[in-house]
Amino acid sequence: MKSYRKELFFNVPTRRAFINITPQVNDCLKESGIQEGFVLVNAMHITASVFINDDESGLHQDYDEWLERLAPHEPVSQYRHNVGEDNADAHMKRQVMGREVVVAITEGRLDFGTWEQIFYGEFDGRRKKRVLVKIIGE
Ligand code: ZN
């Protein structure tokens with residue numbers, strides 16, 4: 001069995017953003033040389049997500065507005081977590097959007113369902129953050 005590990009880095013200039021990271025994960029898969037197996041992609045921070053869905057800008061705006069209704073950033077004083085920080089909403093948004101995805105690898109390709117793409121969801125940006133890509137297989 002082969003194993004491959006790589007970290008991807010992000011420094012989003014805004015507080016929140018969704019980034020399609022499928023090309024980077026594909027590059028990792030090619031670099032790994034693995035033909036059959038699994039890839040795990042997870043955010044290495046508790047205020048960011050990795051998730052799979054459609055690459056459609058209207059949907060991403062809908063997510064952002066929906067998450068902001070669920071856990072509004074302001075007023076920051078509404079959260080007990082916000083003692084000396086202001087990112088309680090980001091922890092909650094990450095919880096809803098998830099920590100990681102696992103995708104099957106078949107014949108050297110990401111074995112996606114229809115329209116599936118992998119995204120990095122940032123909820124407390126403007127600093128350097130990491131995503132782990134771990135691939136195992138043969
Ligand atoms: Zn925090």
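No hydrogens, no waters, no symmetry mates; every other heavy atom, side chains included, goes into these values. In this text, all values refer to a predicted model and were calculated from it rather than measured experimentally. As the structure lists them, so they are numbered: ligands from 1, and atoms in each ligand from 1.
There is a side-chain donor-acceptor pair under 3.5 Å between Lys129 and Thr47. No donor-acceptor contact under 3.5 angstrom links the side chains of Asp124 and His91, judged on distance only.
Ring geometry for Tyr63 versus Trp66: interplanar angle of 30 to 60°, hence tilted.
Residues passing the side chain to side chain contact (heavy atoms under 4.5 Å, CB included) test with Gln61 are Glu65, sequence neighbours excluded.
We find that Arg15 and Asp86 are joined by a salt bridge, their nearest charged nitrogen and carboxylate oxygen being less than 4.0 Å apart.
Within the 4.5 Å cutoff, side-chain heavy atoms of Val103 are placed close to those of Phe112.
Ordered by chain and number, His81 NE2, Glu85 OE1, Asn87 OD1, His91 NE2 make up the set of protein N, O or S atoms under 2.8 Å of the Zn ion (ligand 1).
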